[in-house]
There are 2 protein chains.
Amino acid sequence: MARKSTDTKEKLLDAFETLLERHGTSGATLDAVAAEAGVSKGGLLYHFGSKAELVKGSLDRLRVLVSEDIKEMKAAEAGPHIFYLETSAEIGTPLDRSLVAASRLSHEYDEARETLREIRNAWLEVINDHLGDIHLAHTIQLIGDGLYLKESVGLSAEEAVEHVKNVLARLGL
Amino acid sequence: MARKSTDTKEKLLDAFETLLERHGTSGATLDAVAAEAGVSKGGLLYHFGSKAELVKGSLDRLRVLVSEDIKEMKAAEAGPHIFYLETSAEIGTPLDRSLVAASRLSHEYDEARETLREIRNAWLEVINDHLGDIHLAHTIQLIGDGLYLKESVGLSAEEAVEHVKNVLARLGL
DNA sequence: TAAACTATACCGTCCAGACGGTATAGTTGA
DNA sequence: TCAACTATACCGTCTGGACGGTATAGTTTA
């Protein structure tokens, strides 16, 4: 039936990220990704000629999602820093899933590490531009990282956000 | 030469953790661990009968290191929370190395995830007991997590600690 | 002598990747 | 308009290598 190429590519990337999240890099084999996406292995390799291309495809999509997120951040009513903390605690969004996948990959692929570094810097810049306080900006980013890490260890980050907001209030935020 | 069994075991665990940190779980094969430790594969399997036992050995050692760390935390002059933040930014210590290894393993081994959860809870308890402020305790732990994550992505966490201390000062800490 | 190894040879399984083939939608030119 | 051709989107099979684990025979040192 030859569905649109982009649809299948997205499905393959979704499958790749799902498997990375569930079982780590060792679980995200080409066979498993193809099966998860409901595509044959040959089909997968038609779209992504190698595992490296699959990794690259995932990171490319992450960069797009982040640039969209940064637009939202800048436009957020409560300010970019609050938006940042709240979205750090969100799980299951396309951005979150893509970010988790990249962090799994970062242990074995330098390109993933580099991408995560760039993303971190972009976020920090937005927060610092808004607050005009580099100490606070760094601290908020660390808290966001912490929320993300907590979630990735399988603990709820939602209640933690409330604790953070309580503390931020004391700082006049 | 038949050196002490415990020495070789430690060397094997060191090698395992080194490879986990450098190349992730996929790089820490039994062959590679044995080679890194300067031991034959047979020698490795003499001490750790399977890869699962190697994982368990690493987590057991981590738990010991953490219990020692908690003693130091409680006795720290500047308070457990400052000790916690400063040691979160330290890299290359046995505890740090063991912790990085466990976090690599946590993506593929439930036991590692569970161990990390327990450790997090233990640290939080100490900080909360000292500060008597659950909001602050959670926030400090998140910052510590952030420092750890930042370091594990290959960025220096040392300067970040200074930013955090600046902010903590505003909170009367 | 027994514990602590080394060295080597395997085995079954899984994985990345290559390859040949198929189906179909669109394009071109006589 | 229709046959010839091209591009896209797959499927199924195979191979070479790596990995976890087993087995076994010999070696070193307290």
Side-chain angles (χ1 to χ4, degrees), chain A residues 1-61 101 104-105 107-112, chain B residues 1-59 61 101 104-112:
Chain A
M1 65 175 77
R3 71 197 125 242
K4 279 273 280 298
S5 162
T6 51
D7 291 356
T8 302
K9 277 191 141 180
E10 290 293 307
K11 258 200 334 190
L12 286 164
L13 291 176
D14 288 344
F16 185 43
E17 292 177 359
T18 296
L19 292 170
L20 280 172
E21 183 172 359
R22 280 216 290 256
H23 309 293
T25 41
S26 78
T29 65
L30 296 188
D31 280 308
V33 171
E36 176 76 22
V39 163
S40 74
K41 192 173 176 181
L44 188 166
L45 287 164
Y46 172 81
H47 290 287
F48 299 99
S50 67
K51 196 162 193 177
E53 277 187 37
L54 196 57
V55 169
K56 191 177 175 304
S58 177
L59 294 176
D60 286 345
R61 193 168 73 165
R104 297 284 200 260
L105 292 172
H107 307 139
E108 284 162 45
Y109 295 85
D110 286 343
E111 199 194 339
Chain B
M1 98 181 42
R3 71 198 122 241
K4 279 272 281 296
S5 161
T6 50
D7 292 358
T8 302
K9 277 191 140 178
E10 291 292 307
K11 259 199 336 191
L12 285 164
L13 291 176
D14 288 345
F16 185 44
E17 292 177 359
T18 296
L19 291 170
L20 280 172
E21 183 172 1
R22 280 215 292 256
H23 309 292
T25 41
S26 77
T29 65
L30 295 187
D31 281 307
V33 171
E36 176 76 21
V39 163
S40 71
K41 190 175 176 181
L44 188 166
L45 287 163
Y46 175 80
H47 289 288
F48 299 99
S50 67
K51 195 161 194 180
E53 276 187 38
L54 196 57
V55 169
K56 190 177 176 305
S58 177
L59 294 175
R61 191 167 74 165
R104 297 285 199 259
L105 292 172
S106 71
H107 307 141
E108 282 161 47
Y109 294 85
D110 285 343
E111 199 193 339

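Just so it is clear: chains get the letters A, B, ... in the order the sequence lines come, proteins before strands, and each one is counted from 1.
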Over how many whole Å does the gap from B/Lys11 atom NZ to C/dA4 atom P extend? 15 Å
By nearest heavy atom, map A/Gly49 and B/Leu44 onto DNA chain C; which one lands nearer the 5' end? B/Leu44
For side chain to side chain contact (heavy atoms under 4.5 Å, CB included), just list the numbers for A/Phe48 and A/Val55, CA-CA rounded to whole Å, side-chain angles, deciding distance to a tenth of an Å, and then say yes or no. CA-CA 9 Å; A/Phe48 299 99; A/Val55 169; over 6 Å; no
Within less than 4.0 Å of OP1 or OP2 of C/dA4, is there a side-chain N or O belonging to B/His47? no
Report the distance from atom CG of B/Asp7 to atom C1' of D/dT29, rounded to the nearest whole Å. 14 Å
Can you tell which of D/dG20, C/dA18, D/dT22 lies closest to the side chain of B/Leu45? D/dT22
Please determine which of A/His23, A/Arg104, A/Glu21 meets the side-chain hydrogen bond (donor to acceptor under 3.5 Å, both in side chains) test together with B/His107. A/Arg104
Collect all protein-nucleotide pairs involving nucleotides 14-17 of chain D in which both atoms are nitrogen or oxygen and the distance is under 3.5 Å.
none

Ignoring hydrogens, what is the shortest heavy-atom contact between B/Lys51 and B/Ala28? Give both atom names and the distance. NZ-O, 3.0 Å
What's the NZ-C1' distance between A/Lys51 and C/dA18, to the nearest Å? 17 Å
Mark yes or no for whether B/Lys11, through its side chain, and B/Gly38, through its backbone, hold a donor-acceptor pair below 3.5 Å. no
A/Ala101 versus A/Ser58, closest heavy-atom pair with distance: CB-OG, 4.5 Å
Within this structure, what is the NZ-CG distance for the pair A/Lys56 and A/Leu105, rounded to the nearest 0.5 Å? 14.0 Å
Here the distance between atom P of D/dC10 and atom NZ of A/Lys9, to the nearest Å, is 11 Å
Closest of D/dG21, C/dG17, C/dA7 to the B/Ser40 side chain is C/dA7
Between A/Leu30 and A/Leu44, the two heavy atoms sitting closest are O-CD1, 3.4 Å
Return the residues of residues 19-36 of chain A meeting this criterion: a heavy atom under 4.0 Å from some atom of DNA chain C. Order them by number, or give none. A/Thr29, A/Leu30
Taking only side-chain N and O atoms of A/Tyr46, does any of them lie within less than 4.0 angstrom of OP1 or OP2 on D/dA9? yes
Would you check, one step at a time, whether the test side chain to side chain contact (heavy atoms under 4.5 Å, CB included) holds for A/Glu108 with B/Thr25? CA-CA 8 Å; A/Glu108 284 162 45; B/Thr25 41; 3.7 Å; yes
Name of the residue among A/Leu54, A/Asp60, A/Val33 meeting side chain to side chain contact (heavy atoms under 4.5 Å, CB included) with A/Leu13: A/Leu54
